[in-house]
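Worksheet for the structure shown next.
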Amino acid sequence: MTVEIALVFVIIGIALYLFATEKFPLDITAFLILITVLAIPQLFHSQWLLDRGVDLESAFPTIEEGLSGFSSSATITVLAMFILSAGIQRSGLVHAVGKALGPLFGGSETRQMILITLLVGPISGLINNTAAVAVAIPLVLDMARRAGAKASRLLMPLSFFGMMGGTLTVIGTSTNLLASNILARDDAFGRQIGMFEFLPVGLAVLAAGLIYFLTLGRWLLPKTDRANVHDESEETFVFEVSIPSGSDLVGKSCSEADFVSRHHVSVLRLVRGSESHVKRAETTRLKVDDILHLRGTRRQVMDLVKSEEVEVISEFGERRRLRRDGKLARVLLRNDRVFKNVTGDSVGFWKRYSARLVGLETDSVRSRRLADERLRVGEIVLIAISATALVRLRRHPDVIVLDVTEDRFDKRRMWTAGAILGGVVTAATITPLPIVITALMGVMAMFFTGILRREDLYSGVSWNVIFLLAGVIPLGIAMSKSGGAAWLGGLLAHHAGDWHPLFLLMALYLVTALLTAIVSNNAAVVILVPVALSIAQSLDMAVLPLALVVMFGASSSFLSPVGYQTNTMIFGTGLYRFTDFVRVGTPLNLILMVVTSLAIYALYPLQPG
């Protein structure tokens with residue numbers, strides 16, 4: 001081991017300590033790493049050290065190399081994927097798919113884990129796994145919110161299943177494609193790896209991962225979310241709906257129709273003629289013209305406006321179906337002459353403001369009907385209003401418009417967003433264009449089609465994650481330039497001659513997985529596939545089994561949030577600590593080390609033939 005390699009290993013050790021303890025925010029730690037690896041050759045390179053065989057300039061990145069993390073394809077890909085995910089969220093596509101899959105996702109955590117496996121695992125083998133996980137993150141967050149589940153217990157399995165799914169085919173991850181290209185240039189192997197050549201091993205890995213998360217992994221996942229990603233603090237309103245003729249709810253209770261869990265509202269009261277039911281509101285079978293008092297958010301009100309099951313009652317006393325493309329505004333009442341101790345229907349919102357009163361932001365409703373509930377100055381109400389009337393209302397002295405929600409979830413936007421996303425994935429799969437180029441093209445397509453606004457291009461990005469990636473990439477460069485990575489590979493090759501072939505496969509897998517946690521997965525393949533070729537030649541072994549172990553090890557980066565792009569994206573939600581990946585990923589890496597090595601040992605001949 002040289003002085004340069006030892007110095008790089010010391011920096012890595014300090015970095016891992018700071019990441020694990022989180023003494024500083026992780027992006028700040030990453031910047032400290034960046035500054036350190038850039039400053040060392042500038043401050044300490046000298047002729048005196050050169051005379052003693054220590055060349056710091058050649059062992060550490062140059063200024064241009066050190067700052068290349070900001071322009072790295074990995075960094076830009078993650079950035080573009082953040083924006084694309086924001087686009088499909090804003091289009092309403094995630095919301096619509098989440099509603100459709102919600103009944104399947106609810107219930108036990110076992111069912112949720114199996115659904116995530118089926119959702120992202122096979123898809124990651126057919127398209128780029130980074131794209132598959134980027135699409136699934138907002139969808140899983142939405143379904144977790146609907147099911148009342150902890151998002152932190154689902155997103156990490158999502159990322160890990162995306163990585164494991166990428167091992168099903170040669171196009172599932174850029175790591176596989178890169179390894180295949182390296183092998184095609186080697187005289188001893190001399191061909192590309194087939195599309196499904198290692199599918200049985202990938203299926204074994206995916207099955208082992210599912211079993212892990214249904215057993216041991218379940219106990220190691222975080223018990224609580226570090227951050228709120230469900231918008232549980234969003235304001236709720238009490239509003240009324242009626243049961244129209246032809247509704248699927250007629251003859252059923254809300255409980256029997258699964259109305260509450262499907263729409264995520266609370267049923268407060270059932271009004272039928274002169275009768276009023278509170279305790280039995282959910283269990284009484286409904287009739288035409290029954291009225292329900294519900295509590296929900298603006299998004300839930302908008303969903304019910306479009307529903308054929310109920311009609312949202314506006315202006316309380318009137319039965320008017322709200323416009324499906326309208327706006328909902330949260331408004332503060334402030335004119336004492338208009339709103340002092342008067343009922344909602346007596347104010348005449350439509351005549352005064354060209355708006356319809358929809359709901360009240362209140363803890364409880366005393367009256368049997370909302371039309372009889374008295375308003376007061378300082379109260380906040382929910383109104384439905386057109387864009388033209390909203391302009392006038394903002395200038396009106398009677399009220400203060402606090403915020404406005406526009407229902408931008410129309411089918412045209414959803415189809416457009418879905419088509420753009422499909423184009424990004426398809427182009428990256430069947431054309432020579434890399435995923436970073438197709439993702440950037442997708443971002444521009446969403447902008448020019450109006451799905452994303454200019455400000456969305458910035459607000460949709462978790463910039464702390466981008467800075468984290470840009471800061472740690474130079475450490476991987478130093479690992480390669482100093483010879484540290486090659487030294488690890490050579491150490492394995494030197495001591496592997498007397499080992500049983502199965503133990504050799506396990507050791508090669510383990511070295512690859514550890515190296516991938518420090519440098520990128522692609523860098524690990526570039527470094528260790530040649531090592532595998534060297535071992536095969538020196539021990540007279542077949543090339544393919546050793547190369548496959550490297551490929552699977554590089555695609556199994558579970559130990560840190562910066563080892564693989566999918567981990568980095570879920571880390572950007574703020575739900576995880578650095579140590580969560582170590583705690584959950586370490587046993588999984590060890591299990592897959594055994595499963596992968598055994599599968600390759602059993603399925604592929606180790607002797608050249």
Side-chain angles (χ1 to χ4, degrees), residues 235-244 265-278 281 287-298 300-302 304-305 307 310-405 407:
E235 303 85 3
T236 59
F237 300 86
V238 178
F239 60 102
E240 288 182 343
V241 299
S242 64
I243 309 301
V265 293
S266 301
V267 179
L268 305 179
R269 187 191 303 267
L270 167 63
V271 178
R272 177 179 295 163
S274 60
E275 301 176 6
S276 179
H277 304 281
V278 176
K287 297 180 179 180
V288 175
D289 291 335
D290 280 352
I291 293 172
L292 295 173
H293 288 196
L294 304 178
R295 179 183 297 280
T297 65
R298 279 172 285 181
Q300 289 152 2
V301 173
M302 284 181 171
L304 288 174
V305 167
S307 172
V310 298
E311 289 184 358
V312 176
I313 300 176
S314 63
E315 205 71 2
F316 296 158
E318 302 179 21
R319 299 283 183 90
R320 296 179 182 270
R321 181 174 286 277
L322 296 176
R323 289 179 49 166
R324 296 191 173 201
D325 59 349
K327 302 176 187 291
L328 291 180
R330 185 167 164 262
V331 172
L332 174 69
L333 309 180
R334 70 173 185 176
N335 190 331
D336 191 59
R337 289 180 299 173
V338 176
F339 300 113
K340 185 176 182 179
N341 200 32
V342 294
T343 59
D345 60 343
S346 66
V347 172
F349 274 78
W350 180 250
K351 292 180 180 179
R352 285 179 179 271
Y353 313 114
S354 299
R356 303 215 176 266
L357 187 60
V358 176
L360 306 177
E361 188 177 316
T362 181
D363 293 331
S364 61
V365 174
R366 296 182 176 85
S367 305
R368 192 176 64 90
R369 290 294 309 275
L370 293 186
D372 302 326
E373 192 76 3
R374 295 190 174 275
L375 304 178
R376 59 187 182 278
V377 174
E379 189 166 9
I380 296 174
V381 300
L382 184 67
I383 62 171
I385 192 167
S386 68
T388 304
L390 181 62
V391 174
R392 297 194 299 268
L393 188 66
R394 289 186 184 277
R395 299 193 295 264
H396 206 290
D398 288 356
V399 300
I400 298 175
V401 179
L402 299 177
D403 47 58
V404 180
T405 300
D407 191 357

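Atom set for the values below is all heavy atoms of this structure, side chains included, hydrogens, waters and symmetry mates excluded.
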Rounded to the nearest 0.5 Å, what separates atom [atom1] in [X] from atom [atom2] in [Y]?
| X | Y | atom1 | atom2 | result |
| --- | --- | --- | --- | --- |
| Leu328 | Arg356 | CG | CZ | 13.5 Å |
| Glu379 | Glu373 | CD | CD | 7.5 Å |
| Lys327 | Met302 | NZ | CE | 8.5 Å |
| Thr297 | Phe237 | OG1 | CZ | 9.0 Å |
| His277 | Leu268 | NE2 | CG | 15.0 Å |
| Arg334 | Ile400 | CZ | CD1 | 4.5 Å |

**Study point:** Residue among Arg269, Arg368, Arg369 satisfying side chain to side chain donor-acceptor pair (under 3.5 Å) with Ser276
**Key:**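 Checked Arg269, Arg368, Arg369 against Ser276; only one passes side chain to side chain donor-acceptor pair (under 3.5 Å): Arg269.
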
Check your understanding: Do Phe349 and Ile383 come close enough that some side-chain heavy atom pair is under 4.5 Å?
Key ->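 Heavy-atom side-chain distance check passes, below 4.5 Å.
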
Point to revise | Residue pair Val331 / Ile385, side-chain heavy-atom distance below 4.5 Å | key: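 No. Closest side-chain heavy atoms not under 4.5 Å.
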
Point to revise | Heavy-atom closest contact (Gly296 atom, Phe239 atom, distance) | key: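 Closest pair (atom of Gly296, atom of Phe239, distance): N-CE2, 3.7 Å.
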
Review point. What is the minimum heavy-atom distance between Asp398 and Phe339, and which atoms define it?
Key: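 Taking every non-hydrogen atom into account, O-CE1, 3.5 Å.
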
Review point. Knowing that exactly one of Val267, Ile313, Leu294, Val301 qualifies, which makes a side-chain contact (heavy atoms from CB on, under 4.5 Å) with Val241?
Key: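 Considering Val267, Ile313, Leu294, Val301, a side-chain contact (heavy atoms from CB on, under 4.5 Å) with Val241 is found only for Leu294.
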
**Study point:** Passing candidate, side-chain contact (heavy atoms from CB on, under 4.5 Å) with Val347, options Val381, Leu357, Val342
**Key:**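 That would be Val342; it is the only one of Val381, Leu357, Val342 passing the side-chain contact (heavy atoms from CB on, under 4.5 Å) with Val347.
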
Check your understanding: Which residues satisfy the salt bridge (charged side-chain N to carboxylate O under 4.0 Å, His left out) test with Asp403, sequence neighbours excluded?
Key ->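 Scan of Asp403 (salt bridge (charged side-chain N to carboxylate O under 4.0 Å, His left out), adjacent residues dropped) gives Arg298, Arg330.
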
Practice item. Apply salt bridge (charged side-chain N to carboxylate O under 4.0 Å, His left out) to Arg394 and list each qualifying residue two or more places apart in sequence or on a separate chain. Key: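 Partners of Arg394 under the salt bridge (charged side-chain N to carboxylate O under 4.0 Å, His left out) test: none.
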
Practice item. Apply side chain to side chain contact (heavy atoms under 4.5 Å, CB included) to Val377 and Leu333, showing your working. Key: CA-CA 5 Å; Val377 174; Leu333 309 180; 5.7 Å; no

Review point. Checking Arg295 side chain against Asp363 main chain: does a donor-acceptor pair fall under 3.5 Å?
Key: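 Judged by distance alone, yes, a pair lies under 3.5 Å.
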
**Study point:** Check: Glu361 side chain, Glu235 main-chain N or O, donor-acceptor pair, under 3.5 Å
**Key:**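 No.
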
Check your understanding: Can you name the side chain to side chain donor-acceptor pair (under 3.5 Å) partners of Ser346, sequence neighbours left out?
Key ->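 In terms of side chain to side chain donor-acceptor pair (under 3.5 Å), with neighbours along the sequence ignored, Ser346 is linked to Thr343.
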
Review point. Stepwise, does the side chain to side chain contact (heavy atoms under 4.5 Å, CB included) test hold for Ile243 with Val310?
Key: CA-CA 5 Å; Ile243 309 301; Val310 298; 3.9 Å; yes

**Study point:** Leu402/Ile380 under side chain to side chain contact (heavy atoms under 4.5 Å, CB included): CA gap, chis, key distance, verdict
**Key:** CA-CA 9 Å; Leu402 299 177; Ile380 296 174; 3.8 Å; yes

